[in-house]
Student: 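Structure provided below as structure tokens; questions to follow.
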2 protein chains.
Amino acid sequence: MKQSTPAAEDYLKTIYGHTEWQPEPITPSVLAARLGIAPSSVTEMVKKLAASGLLRHVPYGPLTLTPAGLLAATAVVRRHRLIETWLVRDMGYHWDEVHEEAEILEHSISDRLLDAMDARLDRPAHDPHGDPIPAADGSVAREPAILLAQATAGHSGRVLRISDRDSAILRDLAADSIGPGSALTVIEPPGTTNLLCVRLPDGQIRQLSPAAAGLIWVSA
Amino acid sequence: MKQSTPAAEDYLKTIYGHTEWQPEPITPSVLAARLGIAPSSVTEMVKKLAASGLLRHVPYGPLTLTPAGLLAATAVVRRHRLIETWLVRDMGYHWDEVHEEAEILEHSISDRLLDAMDARLDRPAHDPHGDPIPAADGSVAREPAILLAQATAGHSGRVLRISDRDSAILRDLAADSIGPGSALTVIEPPGTTNLLCVRLPDGQIRQLSPAAAGLIWVSA
DNA sequence: TTAGGGGTTTCGGTTTGCCTAAATATTTAC
DNA sequence: GTAAATATTTAGGCAAACCGAAACCCCTAA
Ligand SMILES: [Fe+2]
Ligand SMILES: [Fe+2]
Ligand SMILES: [Fe+2]
Ligand SMILES: [Fe+2]
């Protein structure tokens, strides 16, 4: 039961993140790509995490979190998302600027300070990108969502979350007044051009790149 | 010119801290004791820091910061003290609880976030223990101070700073209403008992242990 | 059904930062 | 002025995380 390191926390968080919006468990090579490290490094760490009882892994198979691993992972995700929320609400950051800072602070902040933030922010349920903030007990309130890129023409819904993977896209979307909570309707499927068109409540039309549509999740 | 690590930052900060209130440069063994690591580890890191131009060191001699090292050290001290101030002013911490948390966060916070804190706190000049917060350019506004343990009977002054090394003593002092800014007069030198007596402005008398008197600095 | 080919693991190596034990330099004490 | 005590450095090791190259497993497609 030794205290987990920043590296281990990032592994767990990334494994968790992969299954948060889709069911297939992650494979070592995908995990390596997401973390930006070599596959052989993943093999090593996976062995350690499995030995600590945080991960299930049969050689050459996919990676799944144990209950203990899931709790550790959601704890990191909770820290990450609360920090992002704090940065936006208290410290004057924009939602496209918070991810990198949170990526570091999530490994440094104490439980005491985290709870002080949580209280100060009034126990927020979602981070600036619309992602649910796990409770201290690891439970997550997740609404069913579909990827905008896979929505059919005529689909109407609210934007539930936008992945913070690409901050340039977040900036573009903000400039287009699209963010978590925005209502929109798909008015045209990817036709000859591969842009996706949506209509905003005020009647305005926006064209979204496939890259952007692949990061936006809307209510079903 | 590579980015300095948390370990290197702690070495520089501790070397700086040793000469902040007294002139003698620090020796490797004292540095090792302060950092809680083995002397041989200090030898190694000192070689690296000297090679990076942050430290001056002749074998078997004391350690002194170069101008570059001083700048790096005050940058860490600035981060540490601003974080402590933020924890007290914004996050509901008491002054005896902030040091450990700041010890970690000082290595994680970005310049961007540090400046946001600084602005939010209105560019504070002192941390919760009375220590001056270095400016971004490394300059420090330090008032001359003498250790209470070395003050003569009759000496009157204001408490300028109290070292945050021992949080139990900080709690005791707070319970005795003694903190940075308190006015006091030494009314009795360490006599048969080794306690130091001081009178507060309201006439109340406090007896201080030698350990406490060795952490309190008063105006000259 | 067997040969690729891609994903995974093993192996040996690197860096950082720490350790203990032993050697060496310096200071102090007689 | 030398001998003991103390301070510092050297030498050899270890653990955490990473790497690239090579071996290995597994699945598929000819
Ligand atoms: Fe994020
Ligand atoms: Fe992280
Ligand atoms: Fe402190
Ligand atoms: Fe530190």
Side-chain angles (χ1 to χ4, degrees), chain A residues 1-16 18-19 22 24-65 69 72-73 76 103-104 106-108, chain B residues 1-16 18-19 22 24-65 69 72-73 76 103-104 106-108:
Chain A
M1 275 300 147
K2 66 163 175 293
Q3 147 90 9
S4 54
T5 62
E9 289 182 344
D10 279 341
Y11 279 77
L12 295 173
K13 178 175 61 119
T14 306
I15 293 166
Y16 172 81
H18 189 262
T19 44
Q22 72 185 57
E24 283 95 60
I26 197 170
T27 61
S29 56
V30 171
L31 179 53
R34 283 266 184 113
L35 291 170
I37 63 181
S40 57
S41 305
V42 169
T43 302
E44 273 181 55
M45 179 64 90
V46 160
K47 269 192 286 195
K48 283 189 241 174
L49 294 174
S52 313
L54 298 168
L55 221 54
R56 260 185 298 268
H57 180 230
V58 292
Y60 297 95
L63 308 168
T64 53
L65 294 169
V76 182
E103 195 58 46
I104 310 251
E106 68 188 2
H107 307 294
S108 316
Chain B
M1 274 297 148
K2 65 162 173 296
Q3 150 86 11
S4 54
T5 62
E9 288 182 345
D10 279 342
Y11 278 78
L12 295 172
K13 179 175 61 119
T14 305
I15 293 166
Y16 171 82
H18 189 260
T19 44
Q22 72 185 62
E24 284 97 59
I26 198 169
T27 60
S29 55
V30 171
L31 179 54
R34 284 266 185 114
L35 291 171
I37 63 181
S40 58
S41 305
V42 168
T43 302
E44 275 181 54
M45 180 64 90
V46 159
K47 270 192 286 197
K48 284 187 237 174
L49 294 174
S52 315
L54 298 168
L55 222 52
R56 260 184 299 268
H57 180 233
V58 293
Y60 296 94
L63 308 168
T64 53
L65 295 169
V76 182
E103 194 58 46
I104 310 251
E106 68 189 2
H107 307 294
S108 316

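Letters go in sequence order (proteins before strands), and every chain restarts at 1.
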Student: What's A:Ala7 touching, base or sugar-phosphate or nothing? Going by heavy atoms closer than 4.0 Å.
Tutor: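 A:Ala7: backbone/sugar contact only, no base atoms under 4.0 Å.
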Student: Would you mind building the protein contact string for nucleotides 7-14 of chain D? One character per nucleotide, 5' to 3', B for base within reach (heavy atoms under 4.0 Å), S for sugar-phosphate only, - for untouched.
Tutor: SBBB----
Student: Can you tell me the distance, in whole Å, between the NE2 atom of A:His107 and the P atom of D:dA17?
Tutor: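 Checked: the NE2 to P distance equals 11 Å.
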Student: Which atom names give the shortest non-hydrogen contact between B:Ala72 and B:Leu54, and what distance separates them?
Tutor: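 Taking B:Ala72 first and B:Leu54 second, the nearest heavy atoms are CB-CD2, 4.5 Å.
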Student: Measure from CD on A:Glu9 to C1' on D:dA17 and round the result to the nearest Å.
Tutor: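 So the CD-C1' distance, A:Glu9 to D:dA17, works out to 15 Å.
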Student: What is the distance, rounded to the nearest whole Å, between atom CE of B:Met45 and atom C1' of C:dC18?
Tutor: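 Roughly 10 Å, once rounded to whole Å.
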Student: For A:Leu49 and D:dA16, what is the distance between atoms CG and P respectively, to the nearest whole Å?
Tutor: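 In whole Å, D:dA16 P and A:Leu49 CG are 12 Å from each other.
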Student: Considering only C:dC19, D:dA17, C:dG17, which nucleotide approaches the side chain of A:Lys48 most closely?
Tutor: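 So the side chain of A:Lys48 is nearest to D:dA17.
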Student: Pairs under 3.5 angstrom only: tabulate donor-acceptor contacts from the side chains of residues 27-39 of chain B to other protein residues two or more places apart or in another chain.
Tutor:
none

Student: Of all residues at least two apart in sequence or in a different chain, which pass the side-chain contact (heavy atoms from CB on, under 4.5 Å) check with B:Glu24?
Tutor: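 Result, side-chain contact (heavy atoms from CB on, under 4.5 Å) vs B:Glu24: B:Gln22.
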Student: Can you tell me the distance, in whole Å, between the CD1 atom of A:Ile26 and the C1' atom of C:dG7?
Tutor: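 Going from CD1 in A:Ile26 over to C1' in C:dG7 covers 14 Å.
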Student: With sequence neighbours excluded, tell me which residues meet side chain to side chain donor-acceptor pair (under 3.5 Å) with B:Ser40.
Tutor: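 Partners of B:Ser40 by the side chain to side chain donor-acceptor pair (under 3.5 Å) criterion come out as none, since no residue qualifies.
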Student: Mind checking side-chain contact (heavy atoms from CB on, under 4.5 Å) for B:Thr64 and listing every partner two or more places apart, or none if nothing turns up?
Tutor: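 Once residues adjacent in sequence are excluded, the partners of B:Thr64 under the side-chain contact (heavy atoms from CB on, under 4.5 Å) criterion are B:Pro25, B:Arg56.
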Student: Please tabulate, for side-chain N and O atoms in residues 4-15 of chain A, each donor-acceptor pair with protein atoms closer than 3.5 Å (sequence neighbours left out).
Tutor:
residue : atom : partner  : partner atom : Å
A:Thr5  : OG1  : A:Ala8   : N            : 3.2
A:Glu9  : OE1  : A:Arg79  : NH2          : 3.3
A:Glu9  : OE1  : A:His107 : ND1          : 2.6
A:Glu9  : OE2  : A:Arg79  : NH2          : 2.8
A:Asp10 : OD1  : A:His107 : NE2          : 2.9
A:Asp10 : OD2  : A:His107 : NE2          : 3.4
A:Lys13 : NZ   : A:Glu103 : OE1          : 2.9
A:Lys13 : NZ   : A:Glu103 : OE2          : 2.7
A:Lys13 : NZ   : A:Glu106 : OE2          : 3.2
A:Thr14 : OG1  : A:Asp10  : O            : 2.7

